[in-house]
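Okay, structure first, notes after.
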Amino acid sequence: MDKRFESIKEEALSKINNAKSVKALNEVRNEYFAKSGLIATLMSKIRELAPNERKDYGQAVNTLKVFLEEKLGAALREAQSNELSEKLESEKIDLTLPGRNLETAPQHPFHLVKDEICDIFIGMGYIIAEGDEVEEDLFNFTLLNMPENHPARDMQDTFYINEKLLLRTHTSPVQARVMQKNKNQPLKMISPGKVFRRDDDDNTHSHQFGQVEGLVIGEGISFSHLKATLDLFAKKMFGPKREIRLRSSYFPFTEPSVEVDVSCHVCNGKGCSTCKGTGWIEILGAGMVNPNVLTMNGYDTEKFTGFAFGVGIERVAMLRYGIDDIRRFYQNDIRFLKEFPKR
Ligand code: DAH
């Protein structure tokens with residue numbers, strides 16, 4: 001290198017070596033290579049020289065320029081790569097660390113049992129129909145063969161929104177709604193949901209509880225279909241050894257009506273505290289759909305017959321899990337809820 005630029009080169013090299021960051025190196029680069037930087041200043045001096053000196057001078061400046069460009073380029077690449085490594089290192093995520101535990105809730109026994117009941121009937125080919133919790137008086141009572149002033153209405157007092165609207169007292173109104181949609185076509189449906197009664201809460205009563213309604217309509221549907229269906233349900237729900245027993249009962253929307261007991265799964269029918277010594281536990285109400293209900297909701301009773309049933313969800317859950325107080329379903333006590341399996 002030309003002696004003239006030896007000191008410039010040394011100074012530049014030491015500046016490059018001392019600049020440890022990309023930012024500092026860019027400052028050095030500006031000092032030498034900006035429009036009015038040192039290299040440009042040296043180049044412009046060429047005009048002041050005698051013509052025979054210009055070539056040598058120009059070549060010498062150019063050599064310096066190329067040399068510094070290379071040194072700066074290499075230093076910049078190294079600084080960039082170092083800074084990137086540092087950044088990656090500081091932002092490193094340790095994928096082997098155990099994750100923070102999000103506690104998942106167990107299934108609420110109400111939903112656990114509701115889903116289980118539904119699964120059993122879905123397995124028998126039933127479809128699920130949903131109804132509204134706020135229902136018309138017409139569907140909750142009248143279309144189920146309980147006209148105004150029918151004494152059976154007294155058994156199911158509820159919360160009224162106005163003269164015509166109420167919180168449904170059972171899931172049976174879904175029967176009327178689904179029948180009206182499917183007039184004179186075979187039907188096989190269940191309807192799970194919440195129902196309400198103006199009851200004082202105690203260990204077996206709650207002003208809010210759950211039911212699953214069932215309805216089957218077709219040609220030639222008979223009482224034996226009802227019995228076989230409920231027998232299968234009892235065995236799937238409470239175990240293969242369970243028997244059912246039908247007791248004559250009364251519901252305005254079925255005729256004949258029955259109350260269905262299942263042999264006690266705790267004592268196997270011998271008698272214990274769960275079954276109050278009788279060997280049997282009542283689980284649901286059922287019957288053959290009253291022809292009045294079929295007619296009112298659009299079915300030809302010459303052709304169609306049907307059966308229906310309604311099962312209380314908490315009641316089944318209480319029997320299944322030995323729960324002694326229906327209020328536990330609604331108190332949100334974590335210790336109680338933790339007893340049930342997770343999803
Ligand atoms: N709806 C009745 C109740 O809440 C239960 C019931 C009984 C439903 C007989 C039915 C049935 O479908 O056939 O007390």
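The shown structure was predicted, so the numbers you read here are calculated from the model rather than taken from an experiment.
Put simply, the side chain of Tyr57 gets close to the backbone of Leu42: a donor and an acceptor are under 3.5 Å apart. In this structure, the side chain of His207 does not engage the main chain of Phe196 through any donor-acceptor pair within 3.5 Å. Distance alone, capped at 3.5 Å, places no donor-acceptor pair between the Asn290 side chain and the Glu255 backbone. Remark: side-chain polar atoms of Glu219 are not paired, donor with acceptor, to backbone N or O of Lys303 under 3.5 angstrom. Side-chain atoms of Ser249 do not come within 3.5 Å of backbone N or O of Glu259 as any donor-acceptor pair. Remark: the backbone N or O of Ser257 is not paired with any side-chain donor or acceptor of Thr254 at under 3.5 angstrom. A distance-only check finds no donor-acceptor pair linking the side chain of His150 to the backbone of Pro147 [under 3.5 Å]. Of the possible donor and acceptor atoms, none in the side chain of Asn62 sits under 3.5 Å from a partner among the backbone N and O of Gly58. The backbone N or O of Phe238 sits nowhere less than 3.5 Å from a side-chain atom of Arg320 that would complete a donor-acceptor pair. Under a 3.5 Å cut-off, the side chain of Asn162 and the backbone N or O of Leu165 do form a donor-acceptor pair.
Atom CD of Glu130 has 12 or fewer neighbouring heavy atoms from other residues, nucleotides or ligands inside a 6.0 Å radius. Within a 6.0 Å radius of CG in Asp300, other residues, nucleotides and ligands contribute more than 12 heavy atoms. For CG of Asp200, the number of neighbouring non-hydrogen atoms (other residues, nucleotides, ligands) closer than 6.0 Å is 12 at most. The local environment of CD in Glu163 is sparse, with at most 12 non-hydrogen atoms from other residues, nucleotides or ligands closer than 6.0 Å. Open room surrounds CD on Glu148; 12 or fewer heavy atoms of other groups in view lie less than 6.0 Å from it. Counting non-hydrogen atoms of neighbouring residues, nucleotides and ligands closer than 6.0 angstrom, the CD atom of Glu31 exceeds 12 such neighbours. Applying the 6.0 Å contact sphere to CE of Met155 captures no more than 12 heavy atoms from other residues, nucleotides or ligands. More than 12 heavy atoms of other residues, nucleotides or ligands shown are found within 6.0 angstrom of CG on Leu88.
Two different hydrophobic clusters hold Phe139 and Val178 under the rule that ILVMFWY side chains link at heavy-atom gaps under 4.5 Å. No continuous path of hydrophobic side-chain contacts links Val174 to Val134 [ILVMFWY only; heavy atoms under 4.5 Å]. Residues Ile117 and Val195 are members of one and the same hydrophobic cluster, defined by side-chain heavy-atom contacts under 4.5 angstrom among Ile, Leu, Val, Met, Phe, Trp and Tyr. Taken together through direct or relayed side-chain contacts under 4.5 Å among Ile, Leu, Val, Met, Phe, Trp and Tyr, Val262 and Val316 form part of one hydrophobic cluster. Following chains of ILVMFWY side-chain contacts shorter than 4.5 Å, one cannot reach Leu167 starting from Phe329, and the two form parts of different hydrophobic clusters.
Using a 4.0 Å cut-off between charged nitrogen and carboxylate oxygen, Arg247 and Glu282 count as a salt-bridge pair. Between Asp201 and Arg327, none of the side-chain N atoms (NZ, or NE/NH1/NH2) sits under 4.0 Å from a carboxylate O, so this pair counts as no salt bridge. Between Lys23 and Glu83, no side-chain nitrogen of the basic residue sits less than 4.0 Å from a carboxylate oxygen of the acidic one, so the salt-bridge criterion is not met. With respect to Lys235 and Asp231, a salt bridge is recorded, a charged nitrogen being found less than 4.0 Å from a carboxylate O.
For the residue pair Thr142/Arg153, the side-chain donor-acceptor check at 3.5 Å is satisfied. No side-chain donor from either of Asn82 and Arg77 sits under 3.5 Å from a side-chain acceptor of the other.
Put simply, the side chain of Met288 reaches to within 4.5 Å of the side chain of Phe223, judged on heavy atoms. Between Asp119 and Lys236 there is no side-chain heavy-atom pair separated by less than 4.5 Å.
Just one of Asp115, Leu112, Thr171, Val113 meets the side chain to side chain contact (heavy atoms under 4.5 Å, CB included) condition when paired with Ile313; it is Val113. Screening Gln156, Arg198, Gln211 against Thr169 for a side-chain hydrogen bond (donor to acceptor under 3.5 Å, both in side chains) leaves a single residue, Gln156.
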Before you tell me yes or no, could you show the steps for Ile217 and Leu215 under side chain to side chain contact (heavy atoms under 4.5 Å, CB included), namely the whole-Å CA-CA distance, both residues' side-chain angles and the distance that decides it to 0.1 Å? CA-CA 7 Å; Ile217 304 179; Leu215 174 68; 4.0 Å; yes

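Annotation: cation-pi pair Arg197/Phe209 absent, no NZ/CZ under 6.0 Å from the ring centroid and within 45° of its normal.
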